[in-house]
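Below: the structure, in structure tokens.
The sequence lines fix the lettering, A, B, ..., with proteins before strands; numbering per chain opens at 1.
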There are 2 protein chains.
Amino acid sequence: MRGPMQLHVKARATRLNPDRLFGQVAHRLAVAIITGGSPAGSLLPNEDDLKGEISVSRTAYREAVKFLSGKGLVEARPKSGTRVAPREAWNLLDPDVLAWHFEADPNEKFIRDLFELRLFVEPSAARLAAQRRSEADLRLIETAFRGMVENPPYAEPTVRADLAFHEAIFAATRNPPLQCLAPAVSATIQWSLFLKAPDDRFFFTASLIDHERVFDAIVQRDGDLAAARMSGLVIDSLNSTLGLLAARTEANASKIA
Amino acid sequence: MRGPMQLHVKARATRLNPDRLFGQVAHRLAVAIITGGSPAGSLLPNEDDLKGEISVSRTAYREAVKFLSGKGLVEARPKSGTRVAPREAWNLLDPDVLAWHFEADPNEKFIRDLFELRLFVEPSAARLAAQRRSEADLRLIETAFRGMVENPPYAEPTVRADLAFHEAIFAATRNPPLQCLAPAVSATIQWSLFLKAPDDRFFFTASLIDHERVFDAIVQRDGDLAAARMSGLVIDSLNSTLGLLAARTEANASKIA
DNA sequence: CCTGTTTCTATCGTATGACTTTATCCGGGA
DNA sequence: TCCCGGATAAAGTCATACGATAGAAACAGG
């Protein structure tokens with residue numbers, strides 16, 4: 001049912017410490033909520049009953065709930081209980097919430113939505129980066145790009161370099177709120193790589209060229225060009241990912257039949 | 001030092017319950033952090049010492065910290081203490097974090113950044129809304145617009161209607177991650193209204209016309225037109241807000257002199 | 001005198017039990 | 001029928017104790 005999870009590279013330091021007990025509880029609850037195992041409106045195990053469900057103290061459990069409530073995933077009220085919040089209340093752009101989605105089966109609509117958002121934001125970000133980048137920004141972007149070229153396709157260092165490339169562009173915009181969207185972009189990249197058959201060299205080469213063209217435009221300080229090329233990159237990535245999603249769906253369908 | 005806070009209308013249900021004790025603690029800590037009262041890297045009051053600072057139990061304090069840590073504002077580690085995280089780690093698009101900014105003096109750079117983000121996102125959102133809106137969506141947008149027209153300028157119902165107008169457009173995009181940016185848009189609107197002298201009727205009328213033109217484009221299902229008009233609306237709002245910020249800065253300067 | 005190791009200790013993390021507050025539910029009375 | 005008020009269940013708060021961990025300081029060896 002669940003694909004191998006540990007494959008995906010974490011894009012940014014998550015706020016949840018997996019070493020701590022409350023962190024593990026928060027993770028478990030969050031995954032149950034996001035996968036739909038606990039539908040909206042359903043009650044979480046009662047704070048006293050949880051001794052049977054999971055053996056953990058009220059303290060740890062309550063801290064986990066506070067952590068999740070801050071992201072809009074749950075809502076606790078005296079007497080009525082702690083309930084799973086409706087999806088509209090979730091902060092879907094929160095890095096942790098995005099990361100937890102990788103533990104669920106790929107949701108095509110969600111991935112399309114993220115790409116759509118990315119298509120709106122990242123070309124504009126590339127434009128700003130081209131206009132505002134410092135030499136230091138440029139070095140960061142270049143280092144990331146070389147990391148993509150010099151490592152084997154779809155290997156972990158390559159993925160990390162890909163994420164670093166896009167993050168460095170966001171950093172060059174000098175717009176902190178805008179930078180907060182970097183995790184959403186990272187998520188789409190990780191989804192496309194998560195879904196990808198690791199022998200698809202054609203897409204990888206094309207992607208490399210897309211990245212190089214964006215980088216060149218930023219070097220030239222040509223904002224419009226950078227934006228246009230970033231649009232191309234995102235669209236290529238989207239099409240490739242949609243193809244993979246379709247293939248996957250088809251494979252599942254035939255497996256059932 | 002601090003302006004009247006209660007003026008601003010809350011854009012969306014905040015995740016923090018102000019009735020609860022831990023919520024008040026979280027609020028206090030958050031405001032101290034965001035205003036810069038507690039600079040990055042500084043330690044929060046020790047969990048045991050806090051009895052002197054604020055009379056609250058460790059439980060409530062720790063739950064407040066967990067709430068904030070989920071938004072990246074603080075980072076707790078054994079032995080070293082709980083520290084204020086660097087601003088790059090903050091989730092500036094989180095509804096609560098945005099709201100807490102209203103308790104600090106206006107930060108021009110931050111407001112400009114939010115408008116910049118809005119300028120990238122909201123025209124695209126309007127385009128999608130024009131293409132995808134249902135009749136129900138349209139009614140919601142129209143109701144909000146009428147609320148702006150029929151109430152006195154800068155009154156609370158008017159502000160709420162303004163926020164509802166933009167939120168309804170986001171809702172019509174049918175893109176949940178994109179909708180998560182609505183609070184950021186709401187924040188800019190609230191900032192501009194927070195700064196505004198309540199007798200500035202010229203801007204209000206212009207804003208009303210801008211809104212009507214956007215609405216018409218969405219009615220006509222003309223995506224490009226809706227996007228263009230929304231760009232105009234955002235730019236007008238930005239210019240007006242920047243003017244107010246400049247006036248305010250000037251007033252402060254002369255007050256000091 | 002410098003460096004690496006051990007011990008110490010402050011601080012967060014977890015557990016537990018008692019008590020308080022809140023809001024829902026339900027029944028009794030107008 | 002409607003309104004009011006008490007019973008009640010769940011989260012919220014508190015106090016205390018102990019465990020775990022990472023810095024810091026003391027110490028031993030070079």
message = Please report the distance, rounded to the nearest Å, between CZ in B:R83 and P in D:dA22.
response = 15 Å
query = Of all the nucleotides listed (D:dC14, D:dA11, C:dT21), which has the minimum atom distance to the side chain of B:S57?
reply = D:dC14
query = Looking just at side-chain N and O atoms, do A:R15 and B:S69 make a donor-acceptor pair shorter than 3.5 Å?
reply = no
task = Hey, which sits more toward the 5' end of DNA chain D by its nearest nucleotide, A:R20 or A:A76?
result = A:A76
Length of the CD-C1' vector between A:E63 and D:dA11, whole Å = 15 Å
ask   = Any ion pair linking A:E156 and A:R160 (charged N to carboxylate O, less than 4.0 Å)?
value = yes
key: Residues which pass salt bridge (charged side-chain N to carboxylate O under 4.0 Å, His left out) with A:E108, listed by chain and number, not counting sequence neighbours   = A:R112
task = Report the distance from atom CD of B:Q24 to atom C1' of C:dT21, rounded to the nearest whole Å.
result = 13 Å
message = Salt bridge check, B:D137 against B:R174: does any charged N sit closer than 4.0 Å to a carboxylate O?
response = yes
task = Rounded to the nearest angstrom, tell me the gap between atom NZ in B:K66 and atom P in D:dG12.
result = 16 Å
key: Separation of atom CG in A:L21 from atom P in C:dT16, rounded to whole Å   = 11 Å
Identify each atom pair where a protein N or O and an N or O of nucleotides 24-28 of chain C are less than 3.5 Å apart, giving names and distance.
unit_1, atom_1, unit_2, atom_2, d
C:dT24, OP1, A:R77, NH2, 2.5

task = Establish, with yes or no, whether the OP1 or OP2 oxygen of D:dG12 is under 4.0 angstrom from a side-chain nitrogen or oxygen of A:R62.
result = yes
request  = Give a yes or no on whether a salt bridge exists between B:R58 and A:E63, defined as a side-chain N under 4.0 angstrom from a carboxylate O.
outcome  = no
query = Given that A:T59 and B:D19 both sit by DNA chain C, which one's nearest nucleotide is further toward the 5' end?
reply = A:T59
task = Indicate yes or no: does B:R133 engage B:E142 in a salt bridge with an N to O separation below 4.0 Å.
result = no
key: Nearest listed nucleotide, side chain of B:T82, among C:dA15, D:dC14, C:dC12   = C:dC12
message = Any donor-acceptor pair, under 3.5 Å, between the side chain of A:R58 and the base of C:dG17, if you only look at N and O atoms?
response = no
query = What's the CG-P distance between A:N17 and D:dA20, to the nearest Å?
reply = 16 Å
query = Taking the six-membered ring for Trp, are A:F22 and A:F67 parallel (under 30°), tilted (30 to 60°) or perpendicular (over 60°)?
reply = perpendicular
